[in-house]
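Letters A, B, ... are given to chains in the order of the sequence lines, protein chains preceding strands, and every chain is numbered from 1.
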Amino acid sequence: MRAPPGAEPPALAPAAATARALLAWYTHAGRRLPWRAVPGGPLPDPYGVLVSEFMLQQTRVETVRAPWARWMARWPDFSSLANATLDAVLAQWTGLGYYARARHLHRLAQTVVRDHGGALPRAQAALAALPGLGPYTQGALRSVAFGEPAALVDGNVARVLARWHAVQVDVRQGAGRRAVWAAAQAWMDVPEASAHPGDWNQALMELGAVVCVPGAPRCGACPVAAACRAHAEGRELDLPVRVRPPAPRVVAACYAVLTRTVATADADSGDQEVLVGQRPAQGRWAGLWEPPGCEGPDAHDRLHAWLGAAGCDSPRALGSLVHVLTHRRYEVQGWAAAAGSADLACLGYVAQRWMPVAAALGITAGLSKLGQRLVELAAAPAPSPRPARARATPAEKG
DNA sequence: AATGCGGGGGT
DNA sequence: ACCCCAGCATT
């Protein structure tokens, strides 16, 4: 721990002392989890590890404890799981989310029984061919269950390594992702780490989960703070770099809500119907229905040209609304008109039909959320003096 | 390289 | 209200 003035910055390369310090901390302070082996002890049951790893994908440790115990009590091995029905498996997964994981796990068990004699294969190629086993889970099984010197990177490891090495780019994608995987792999060249690969990898994840946490890392409690470049440079709060997703692209759109009144036995007030078109099978809102509209800078002109050609005279402005998706911000002008001889194919729709307004607002109608909002806009009797919530004007908040 | 996929906890 | 979480499959 010699630190002469002007000495080189803290270790950027894997170092035996750092590996020893982290493993010692993990042995002493690591949580005892039911699927986790005692540090330094014999390897755990691969099936139990596999189940835990599937449940832990994008899910916190504390969320998994109880479901894992229930699962292991019901299906303690590959053959019992392989013999279970998919319905039972999915029901047992209830509440964990990402249900594709349960389907993969079930299918994996059946594959292991059928093709691998009921035991998880050790060869990397065979492992990678199993459903639901991506790079992270492969590394976890190889190191934790089989004791092989395989690296892994999850969200915790990516954050820890981003701080240790002061990685300046987003470690979740592209070059940053590759850099973090390379760094994780480099640690497997340190004998202190590769001698206990399962403990080493779990120690890295444990550190990220309880010390090197995202918001306010507890560097005072970190066993390897001396090796951390971000800490040495006082930038632990700035790393890992958070790539703010680009602001949604603004899309101008113009829609027309065409309605007609259908006579009913209840002669007083006929039922209102709205004209909707079905979007193509590809692209945004594929196959969903919506009132006719178009998008783009010239959306207003194109829509009104279409309205005129369709004989929908004197459209009435409904006002505007903003609809935000992950990557798009739709700024929509709505218009109401009486129906003419409207052909929606000209606007790119693959089908069209009249739909009762009440049905269009239901969840089973197949309208996009934007389509429903437009129908609501047209169906609203009048702008009330006090809207339910000022959702459309979040900017006023500040 | 994007996108969809659940649900819950922390700040 | 975000942000993040022991990710993976699909396009």
Validation: residues 83-92 of chain A side-chain donor-acceptor distances under 3.5 Å, sequence neighbours left out:
residue, atom, partner, partner atom, Å
A:N83, ND2, A:S79, O, 3.2
A:T85, OG1, A:A88, N, 3.1
A:Q92, OE1, A:R74, NH1, 2.8

Just the rounded figure in Å: distance from P of B:dT3 to CD of A:Q173.
11 Å
Without decimals, in angstroms, what is the distance between A:R65 CZ and B:dG9 C1'?
15 Å
A:T63 near the nucleic acid: base, sugar-phosphate alone, or nothing, with a heavy-atom cut-off under 4.0 Å?
nothing
Under 4.0 Å between a side-chain N/O of A:Q58 and OP1 or OP2 of C:dG7, yes or no?
yes
Contact class for A:G97 vs. all strands (heavy atom < 4.0 Å): base, sugar-phosphate, or nothing?
base
Is there a path of hydrophobic side-chain contacts, each under 4.5 Å between heavy atoms of I/L/V/M/F/W/Y residues, joining A:L33 to A:L22?
no
With a 4.0 Å cut-off on heavy atoms, is A:G95 in touch with a base, just the backbone sugar-phosphate, or nothing at all?
sugar-phosphate
Counting the atoms with a prime plus P, OP1 and OP2 as sugar-phosphate, which does A:W93 contact under 4.0 Å by heavy atoms, base, sugar-phosphate, or nothing?
nothing
Across all chains, not counting sequence neighbours, the side-chain hydrogen bond (donor to acceptor under 3.5 Å, both in side chains) partners of A:H196 are none
A:Q57 CD - B:dG7 P separation (whole Å)
16 Å
Between OH of A:Y99 and C1' of B:dC5 the distance, given in whole Å, is 11 Å
Touch class at under 4.0 angstrom, heavy-atom based, for A:L96 against every strand present
base
Send over the distance from A:L133 CG to C:dA6 P, rounded to a whole Å.
19 Å
For nucleotides B:dC5 and C:dA6, find the distance between their P atoms and express it as a whole number of Å.
23 Å
Measuring from the side chain of A:T137 (C-beta onward, heavy atoms only), which nucleotide among C:dC8, B:dC5, B:dA2 has the closest atom?
C:dC8
Side chain of A:R101, heavy atoms from C-beta onward: which of C:dG7, C:dA6, B:dG6 has the nearest atom to it?
B:dG6
Of all the choices, C:dA9, C:dC5, B:dG6, which nucleotide is nearest to the side chain of A:R159 once you look at every atom?
C:dC5
Using a distance-only criterion (donor-acceptor N/O pair, under 3.5 Å, no hydrogens), is the base of C:dC4 paired with the side chain of A:R60?
yes
Whole Å only: how far is the CG atom of A:L56 from the C1' atom of C:dC5?
10 Å
Among B:dG6, B:dA2, C:dG7, which is the nearest nucleotide to the side chain of A:Y136?
C:dG7
Based on Watson-Crick and G-U pairs with both distances under 3.5 Å, what dot-bracket line describes DNA chain B 5' to 3', crossing pairs as [ ] and inter-strand pairs as |?
|||||.|||||
For A:R142, what residues pass the side-chain hydrogen bond (donor to acceptor under 3.5 Å, both in side chains) criterion, not counting sequence neighbours?
A:E148
Just to verify, what does A:E273 make a side-chain hydrogen bond (donor to acceptor under 3.5 Å, both in side chains) with, not counting sequence neighbours?
A:R260
Scan A:L33 against the nucleic acid and name what it touches under 4.0 Å (heavy atoms): base, sugar-phosphate only, or nothing.
base
Which comes earlier along DNA chain C counting from the 5' end, the contact point of A:H104 or that of A:Q202, where each point is its nearest nucleotide?
A:Q202
Any donor-acceptor N/O pair under 3.5 Å between C:dA6 base and A:R36 side chain:
yes
Roughly how far, to the nearest 0.5 Å, is the CG atom of A:D45 from the CE atom of A:M72?
5.5 Å
How far does CG of A:L133 sit from CG of A:L105, to the nearest 0.5 angstrom?
9.5 Å
Regarding A:G155, tell me which of base, sugar-phosphate or nothing describes its non-hydrogen contacts under 4.0 Å with the strands shown.
sugar-phosphate
Here the distance between atom C1' of C:dC8 and atom CG of A:L108, to the nearest Å, is 13 Å
Per A:Y98 side chain, nearest of listed nucleotides C:dC5, C:dA6, B:dC5:
B:dC5
Hey, could you give me each pair passing ring-ring contact (aromatic ring centres under 6.0 Å, His included) that has a residue in residues 68-88 of chain A? Not counting sequence neighbours.
A:W35-A:W68, A:Y47-A:F78, A:W71-A:W75, A:W71-A:W93
Aromatic centroids of A:W335 and A:H304 separated by under 6.0 Å
yes
Separation of the C1' atoms in B:dG8 and C:dA9, to the nearest angstrom
23 Å
Rounded distance in Å - CG (A:L130) to C1' (C:dA9):
15 Å
